[in-house]
Amino acid sequence: MGGSVDPKNGHFIGNWGEFGCPTPQRIATYSLSANRQKPFAGAGHAAIFNVFRRFRHQVLYVVPPSLPHTLNEYLNSKPGRLLEGGNEE
């Protein structure tokens, strides 16, 4: 593999893609064991409040369009026609 000598300093700089850098030292990595993690920590609390928040933000998109539909079904039913003064047919 074609390593070369650095013409300025006269030392070997490594093969292609390896520029003679020393391996990094003193890199600390931390991890938490699987049995110490709490994957569902706060899930119940968050679920209750997220459902309430989502319901509160979406209720005005769902309920008002369904009200005329329900009223229309009632007015086209037998009791609704009788209430409006129509006949039973």
Side-chain angles (χ1 to χ4, degrees):
M1 301 261 163
S4 63
V5 176
D6 181 12
K8 183 176 179 183
N9 299 320
H11 67 274
F12 179 73
I13 62 170
N15 293 325
W16 177 256
E18 302 171 2
F19 296 109
C21 297
T23 57
Q25 302 293 319
R26 293 183 218 104
I27 295 177
T29 57
Y30 300 96
S31 64
L32 191 61
S33 67
N35 63 347
R36 298 294 244 161
Q37 295 177 3
K38 295 181 180 179
F40 294 110
H45 181 268
I48 291 169
F49 289 102
N50 277 343
V51 167
F52 176 71
R53 178 183 55 84
R54 288 179 178 171
F55 174 78
R56 188 171 43 110
H57 287 117
Q58 295 295 322
V59 71
L60 292 177
Y61 293 105
V62 176
V63 173
S66 67
L67 292 177
H69 179 71
T70 309
L71 180 63
N72 186 34
E73 281 185 0
Y74 174 72
L75 291 176
N76 285 323
S77 67
K78 187 182 258 187
R81 286 195 307 260
L82 286 175
L83 180 70
E84 293 296 317
N87 54 5
E88 282 192 38
E89 294 179 15

- Listed partners of I48 passing side-chain contact (heavy atoms from CB on, under 4.5 Å), at least two apart: none

- Item | Test side chain to side chain donor-acceptor pair (under 3.5 Å) applied to Q58 - qualifying residues, sequence neighbours left out | none

- Query: With sequence neighbours excluded, what pairs up with P64 under the side-chain contact (heavy atoms from CB on, under 4.5 Å) test?
  - Reply: none

- Quick one: side-chain contact (heavy atoms from CB on, under 4.5 Å) partners of V59, sequence neighbours excluded? F55, V63

- Task: Name all residues meeting the ring pair (Phe, Tyr, Trp, His ring centres under 6.0 Å) criterion together with F49; count only those two or more places apart in sequence or in a different chain, and write none if there are none.
- Result: H45

- Message: Heavy-atom count check: over 12 atoms from other residues, nucleotides or ligands less than 6.0 Å from R56 CZ?
- Response: yes

- With sequence neighbours left out, what residues match R53 under side chain to side chain donor-acceptor pair (under 3.5 Å)? N50

- Applying side-chain contact (heavy atoms from CB on, under 4.5 Å) to V62 and not counting sequence neighbours gives none

- Message: Among residues at least two apart in sequence or on other chains, which ones pass ring pair (Phe, Tyr, Trp, His ring centres under 6.0 Å) with H57?
- Response: none

- Taking all non-hydrogen atoms of both residues into account, name the closest pair between L75 and R81 and its distance. O-CG, 3.5 Å

- Task: Examine distances only and state if a side-chain atom of N76 and a backbone atom of N72 form a donor-acceptor pair shorter than 3.5 Å.
- Result: yes

